[in-house]
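Please read the structure below before turning to the comments.
All values below come from the heavy atoms of this structure, side chains included, with hydrogens, waters and symmetry mates left out. Note that the coordinates shown come from a computational prediction; the quantities given were computed from them, not determined experimentally.
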Number of protein chains: 2
Amino acid sequence: MVYNKTQRVKDKMDSRRERIIKAAREIFTEDSFQSMSIKSIAKKAGIATGTFYLYFTNKEVLVETVVQEMYKELMGLIKAERSKYESVFDKLQTSMEVCIKVFIREKGIAKLLLKHFPEINMAFNNKFTEIEKSLISLVKIDLDELQDQGLIPQQNTYISATAFVGTFRQVILSWLQEGQPENLEEACQTLIEYNMRGLGKIS
Amino acid sequence: MVYNKTQRVKDKMDSRRERIIKAAREIFTEDSFQSMSIKSIAKKAGIATGTFYLYFTNKEVLVETVVQEMYKELMGLIKAERSKYESVFDKLQTSMEVCIKVFIREKGIAKLLLKHFPEINMAFNNKFTEIEKSLISLVKIDLDELQDQGLIPQQNTYISATAFVGTFRQVILSWLQEGQPENLEEACQTLIEYNMRGLGKIS
DNA sequence: TCATTAAGTGAATCGGCATTCATTTTTTGT
DNA sequence: ACAAAAAATGAATGCCGATTCACTTAATGA
C-alpha cells in the first residue's frame, strides 16, 4: 500500500529543498566552490548528509539547479528592463547595466556565471559554457538587428558579440579578483563606450 | 663518503627532467588537465611514478615549471617581433598577431594561458591569474604610451587594456571550445580593428 | 492504537590520485 | 671486483570528499 503525503509534509520537504539550495548559494558566495561540500551544505541546511540525497540525486544536479536559478533570476531582470526601451542600442546598454547592478549586489552570481569551474566533471562544465554561449548569442541578436537597421557597419557579428562579452567578462573578473576597478558601475559606462566605438556605432 | 655524478649520469638526469616536462606538456595539450596525473606523466616519460619525485618536489612545481616555460616562450617570440617596429600601434598589433600564431600552432599554450584551472590549489592558481594580469599590464604600457603621444584620447587605460585582453581571450576560448571562428587569424584582424576603434585611435 | 511505509541519520564505504618508502638496480671510487 | 652511495621502482599509504546503507524516527491510514 502507498501512503500519500499530507500537505504539512509536502511543505516541509519543499522548504528543505529550498534550504539546501539556499545553503549552497550561501556557501558558494561566502566561501568558495571548493568548500561547497555536501557535508557543509547539509550542516548549513540543518540536515544530515544522507538526507541531501533524498532531495538531489547528486551534487552535480544541485549545482546545476543553483546555476539555472541564478541565470533565470538575472535574465528575468534584464528582460523586464529591456522592455522599457524601443531602441536596440538602449536595450543592449540597459542589459549590461542590469548585469553590472546584479553582479555588484550579488557577487556570487558573477562568479558563477563568469568564472570557469573545471574542478567539476566535464559533462557538467558544459552548463557554464552554455551560459556564456547564450550570453554571446543574446548580444549577437541585438547586433544583427542593429546591422539590419544600418546603425552599425557590416561586420562578423559573432566575433563582435564575443568580443563585446569578453570585455565585460574580463573587467568583472578583474573586479572580483583584484578589486580593480573599484567602481564597477563607472567602469561599465567606460566599457559601453569602448564597445560602441568598437562596433562602429553610427551616430 | 660522497660520490660525484659523472657527466653521463648528469646528462641522463637532465634529459629525464626534460622528458617529464615534455610529457606533461603533451598530456596537457592532447588530453586535458584532469588526465594529467603523475602516473600518466611518468608512463609517458618512461619512468616509474616514484622517480618523478626525484625530479620535482610535487605536481604543483611541475605545472608551475610548464606554465613558466610556455609563458617565456611566448614572450620571447613577441619581444623579437616587436623590436622590428617603431610605432606603438604596430608593436601592439604585432604582439596580438604573434599570440594568435602561437596559439594556432600550439593550442596547449592557449589553454594554459587563457583558461582557469581552479581544480588545482588556490595558492598555485595565482600563477595563472598572474599571467593574465601581466598580459593586461603589458597592453596597458602600450596604451599609456599611445595616450602620451596623443594617438588615442584620454581614457582609463587599465580598463581599456582589460577590455582589450578580454576580447582576445573570449574569442580564443570560443575558438578552442566551440571551434568558432574557424579562421582565428582572420578573426584576429577583425578584433584588432574592433579594439582600435574602441580605443578611439586617431588616424 | 498499530502495522506499514516513508523520511531521516551519520558512520562506513568507495574511488581516485598524490605522495611515500622498503626494496632493487645502477653508479662510483678504490 | 667490491662495498658504499645514489637513483629507480611501483606497490602500499594516506587523504578527501561524494555516495551508500543498515538502522532509527516520523507519518499514514485503518
(request) List the atom of E86(B), the atom of K91(B), and the distance in Å for their closest heavy-atom pair. (result)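 That closest heavy-atom pairing would be O-CE, 3.8 Å.
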
(message) Testing the basics here: between A110(B) and L176(B), what is the closest heavy-atom pair and its distance to 0.1 Å?
(response)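 Answer, listing the atom of A110(B) first, then L176(B): CB-CD1, 4.0 Å.
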
(request) Find out whether L191(B) and M96(B) are in side-chain contact, i.e. whether some heavy atom of one side chain is under 4.5 Å from a heavy atom of the other. (result)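 Of all side-chain heavy-atom pairs linking M96(B) with L191(B), none is under 4.5 Å.
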
(request) May I have the step-by-step check of salt bridge (Lys or Arg N to Asp or Glu O under 4.0 Å) for D14(A) and K10(A), ending in yes or no? (result) CA-CA 6 Å; D14(A) 281 356; K10(A) 274 186 197 162; over 6 Å; no

(request) Evaluate salt bridge (Lys or Arg N to Asp or Glu O under 4.0 Å) for D142(A) paired with R82(A), printing each intermediate quantity in order. (result) CA-CA 11 Å; D142(A) 284 345; R82(A) 282 173 70 97; 2.8 Å; yes

I'd like a list of close polar pairs between nucleotides 22-24 of chain C and the protein, N/O only, cut-off under 3.5 Å.
none

Distance check needed: [N] [atom2] versus [X] [atom1], whole Å only.
X: I20(A); N: dT9(C); atom1: CD1; atom2: C1'; result: 14 Å
X: D11(B); N: dT27(C); atom1: CG; atom2: P; result: 13 Å
X: K10(A); N: dA7(C); atom1: NZ; atom2: P; result: 12 Å
X: R19(B); N: dA8(D); atom1: CZ; atom2: C1'; result: 13 Å
X: L54(B); N: dT27(C); atom1: CG; atom2: P; result: 15 Å
X: K43(B); N: dG10(D); atom1: NZ; atom2: C1'; result: 14 Å
X: Y55(B); N: dA6(D); atom1: OH; atom2: P; result: 15 Å
X: I47(B); N: dT26(C); atom1: CD1; atom2: C1'; result: 16 Å

(message) I'd like to know whether K133(A) forms a side chain to side chain contact (heavy atoms under 4.5 Å, CB included) with T162(A), so could you lay out the CA-CA distance, the side-chain angles of the two residues, the decisive distance to 0.1 Å, and finally the verdict.
(response) CA-CA 9 Å; K133(A) 273 199 280 179; T162(A) 307; over 6 Å; no

(message) Would you compute the distance between atom CG of L138(A) and atom NZ of K140(A) and round it to the nearest 0.5 angstrom?
(response)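 NZ of K140(A) is found 11.5 Å from CG of L138(A).
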
(request) Going 5' to 3' through nucleotides 18-30 of chain D, assign each nucleotide B (protein heavy atom under 4.0 Å from a base atom), S (under 4.0 Å only from sugar-phosphate atoms) or - (no protein heavy atom that close). (result) SBB------SBSS

(request) Going by the salt bridge (Lys or Arg N to Asp or Glu O under 4.0 Å) test, name the single residue among R25(A), K22(A), R17(A) that passes it with E69(A). (result)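 Of all the options given, the one that passes is R25(A).
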
(request) Go through the side-chain N and O atoms of Q93(A) and E97(A) and say whether any donor and acceptor fall under 3.5 Å apart. (result)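 Side-chain D/A pair, Q93(A) to E97(A): present.
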
